[in-house]
There are 2 protein chains.
Amino acid sequence: MGKTVLLVEDEVRIREVVADYFKQDGWEVYETDNGSSAIDWYDAVYPDLVILDIMMPQMDGFAVTRQVRKRSGVPIILLTARSSDDDKIHGFELGADEYVTKPFSPKVLVARANSLMKRATEHYLPTGHMISFGQAIVNMKSHQLQLEGKQVELTPKEYELLVFLLHHKNNVLSREAILNHVWGLDFDGDSRVVDTHIKKLRAKLSCESHHIKTVIGTGYKFE
Amino acid sequence: MGKTVLLVEDEVRIREVVADYFKQDGWEVYETDNGSSAIDWYDAVYPDLVILDIMMPQMDGFAVTRQVRKRSGVPIILLTARSSDDDKIHGFELGADEYVTKPFSPKVLVARANSLMKRATEHYLPTGHMISFGQAIVNMKSHQLQLEGKQVELTPKEYELLVFLLHHKNNVLSREAILNHVWGLDFDGDSRVVDTHIKKLRAKLSCESHHIKTVIGTGYKFE
DNA sequence: CTTATTAGGACACATAAAAGACATATAACC
DNA sequence: GGTTATATGTCTTTTATGTGTCCTAATAAG
């Protein structure tokens with residue numbers, strides 16, 4: 001699965017240009033022009049990166065940042081027309097990771113996004129880094145699962161699914177959100193594929209499968 | 001209240017650098033260079049996070065992990081020297097939440113610590129949109145009810161009903177009104193379904209069930 | 001005390017998810 | 001290029017869970 005970015009910008013011209021550059025660079029781009037729908041989009045796709053314009057009608061970039069930060073520590077880039085230090089402090093306090101001042105070059109923005117992602121990825125998955133739960137250790141480098149000292153092979157989908165669940169521990173994830181993130185937006189099959197892969201993951205997790213909770217009517221949750 | 005971390009590392013140089021980074025990030029840092037005093041420190045300060053070097057004289061990181069785990073589920077990060085320790089991790093009892101391989105960047109370690117803390121905190125005190133009453137917290141995101149620290153699973157209807165009551169606190173709600181809002185206008189069944197679901201909600205609310213008052217001849221009220 | 005109304009329990013029915021079987025797609029190998 | 005193995009996705013059956021109805025006991029109102 002490629003990198004996904006949620007782009008929130010009300011000026012159509014800027015949004016389209018930026019989106020094009022990101023697509024060119026291999027990103028999957030979700031676009032919206034206002035803050036309140038941005039939150040809905042976030043919950044639906046769980047993007048790897050969020051780019052927010054500060055100046056937007058109704059719900060501005062700061063407000064969106066606050067809402068997103070309630071949900072996760074996903075990298076956030078704020079786009080600003082103002083360059084005053086007050087704004088910067090305000091934004092950093094709220095949890096934005098970077099500031100890009102308008103006018104900016106889309107190339108530079110993509111470059112910053114990539115370096116931020118790289119940092120975030122290292123931060124999530126540094127080499128040799130592992131996450132454990134119960135008797136299990138997930139090796140983020142070899143994409144393997146170690147269970148009671150034994151190696152358990154995971155298929156790519158199983159691995160992606162497990163990592164997505166782990167990164168959103170304790171959050172209820174709808175089939176929709178899981179599909180969008182692990183399978184991608186272009187997947188147009190039955191949302192029950194998620195069930196099938198959850199089933200297979202549970203089988204491989206064996207004694208630790210209880211961590212994956214079914215949330216009836218919605219989806220799943222990792223605890 | 002600031003975050004506190006107990007740092008157990010026998011190499012002075014590493015310990016001091018790491019401690020500095022954590023202090024810089026607003027943490028209160030307790031340091032010690034050996035495993036046995038680590039337990040004493042733990043009992044004295046009850047830190048929010050424990051960072052342990054695996055390789056230590058006398059009592060190693062695994063032993064300390066075991067001791068700490070007897071006391072609580074506090075987040076633990078183990079520092080391992082290169083991947084040669086991977087083999088050791090195989091056979092040992094687990095219980096640490098993360099493993100960071102040396103050499104590591106102190107920045108990354110602080111970042112990991114923060115995200116781990118965030119997860120742990122979310123787990124204990126879910127943020128996001130919540131409504132609380134008495135000892136209960138309703139999480140509008142996970143559709144769950146937390147009662148005296150324990151998660152209580154709500155079915156979709158129970159959740160909708162509870163949220164409707166909460167949104168109209170202190171208002172007497174007729175069965176008709178409840179039906180129309182929670183079941184929808186098209187529902188053509190018996191209005192006594194409301195009673196049944198109120199009953200089930202009360203059972204799940206247990207000690208907080210007194211908030212749901214019966215208004216005889218009309219319906220119910222949440223106080 | 002009588003009647004109206006609700007609570008509680010038992011049960012039937014509806015819906016959602018798990019399990020299993022199978023078909024198709026993808027990759028690896030000869 | 002054809003063959004095999006593996007991974008992925010769909011379909012059907014089984015199981016679990018949620019929902020709604022009914023009946024009886026308890027409780028409140030008149």
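Every value quoted in this text rests on a predicted model; they were computed, and no experiment measured them. A, B, ... follow the sequence lines: proteins, then strands. Residue 1 opens every chain. Any value given below was found using the heavy atoms of this structure, including those in side chains, with hydrogens, waters and symmetry copies removed.
- Rounded to a whole Å, the NZ atom of A/Lys157 is 10 Å from the C1' atom of D/dG9.
- In terms of phosphate contacts, A/Trp183 brings no side-chain nitrogen or oxygen within less than 4.0 Å of OP1 or OP2 of D/dT8.
- Taking only side-chain nitrogens and oxygens, B/Thr155 never comes nearer than 4.0 Å to OP1 or OP2 of D/dT17.
- Rounding to whole angstrom units, CG of residue A/Asp195 and C1' of D/dT15 are separated by 14 Å.
- Ring-centre distance between B/His168 and B/Phe222: not below the 6.0 Å cut-off.
- Look at A/Asp195 and A/Arg175 and you find a salt bridge, because one of the NZ, NE, NH1 or NH2 atoms lies within 4.0 Å of a carboxylate O, short of that distance.
- Atom-to-atom, CG of A/Asp190 to P of D/dT8 comes out at 17 Å; the value is rounded to the nearest Å.
- The side chain of A/Arg175 places an N or O atom within less than 4.0 Å of a non-bridging phosphate oxygen (OP1 or OP2) of C/dA17.
- Comparing A/Asp188 and A/Lys204 against DNA chain D, the residue whose closest nucleotide sits nearer the 5' end is A/Lys204.
- Relative orientation of the B/His197 and B/Trp183 rings is perpendicular, given thresholds of 30° and 60° on the angle between their planes.
- The distance from atom NZ of B/Lys213 to atom P of C/dA7 is 13 Å, rounded to the nearest whole Å.
- Place A/Thr218 and B/Thr214 on DNA chain C by their nearest nucleotides, and B/Thr214 ends up nearer the 5' end.
- Residue B/Val193 has its side chain nearest to D/dT21 when only D/dG9, D/dT21, C/dA18 are considered.
- Taking only side-chain nitrogens and oxygens, A/Tyr220 comes nearer than 4.0 Å to OP1 or OP2 of C/dA18.
- The interatomic distance linking B/Glu153 (CD) with D/dT19 (C1') rounds to 18 Å, in whole Å.
- Atom-to-atom, NE2 of B/His197 to P of D/dG18 comes out at 11 Å; the value is rounded to the nearest Å.
- Look at A/Arg192 and you'll find a side-chain N or O under 4.0 angstrom from OP1 or OP2 of C/dA17.
- When the P atom of D/dT19 is taken as reference, atom CZ of B/Phe187 falls 12 Å away, rounded to whole Å.
- Between A/Lys204 and A/Glu158 there is a salt bridge, with a side-chain nitrogen of the basic residue lying less than 4.0 Å from a carboxylate oxygen of the acidic one.
- Between D/dG20, D/dT8, C/dA10, one nucleotide has an atom nearer to the side chain of A/Lys200 than all others, and that is D/dT8.
- Distances were taken from every side-chain heavy atom of B/Lys199 (C-beta onward) to each of C/dT5, C/dA10, D/dT19; the shortest belongs to C/dA10.
- Between the CD1 atom of A/Ile198 and the P atom of C/dA16 there is a distance of 18 Å, given to the nearest Å.
- A/Phe133 and A/His211 have their aromatic ring centers within a separation under 6.0 angstrom.
- Comparing D/dG9, D/dA29, D/dC22 by their closest approach to the side chain of B/Thr196 singles out D/dC22.
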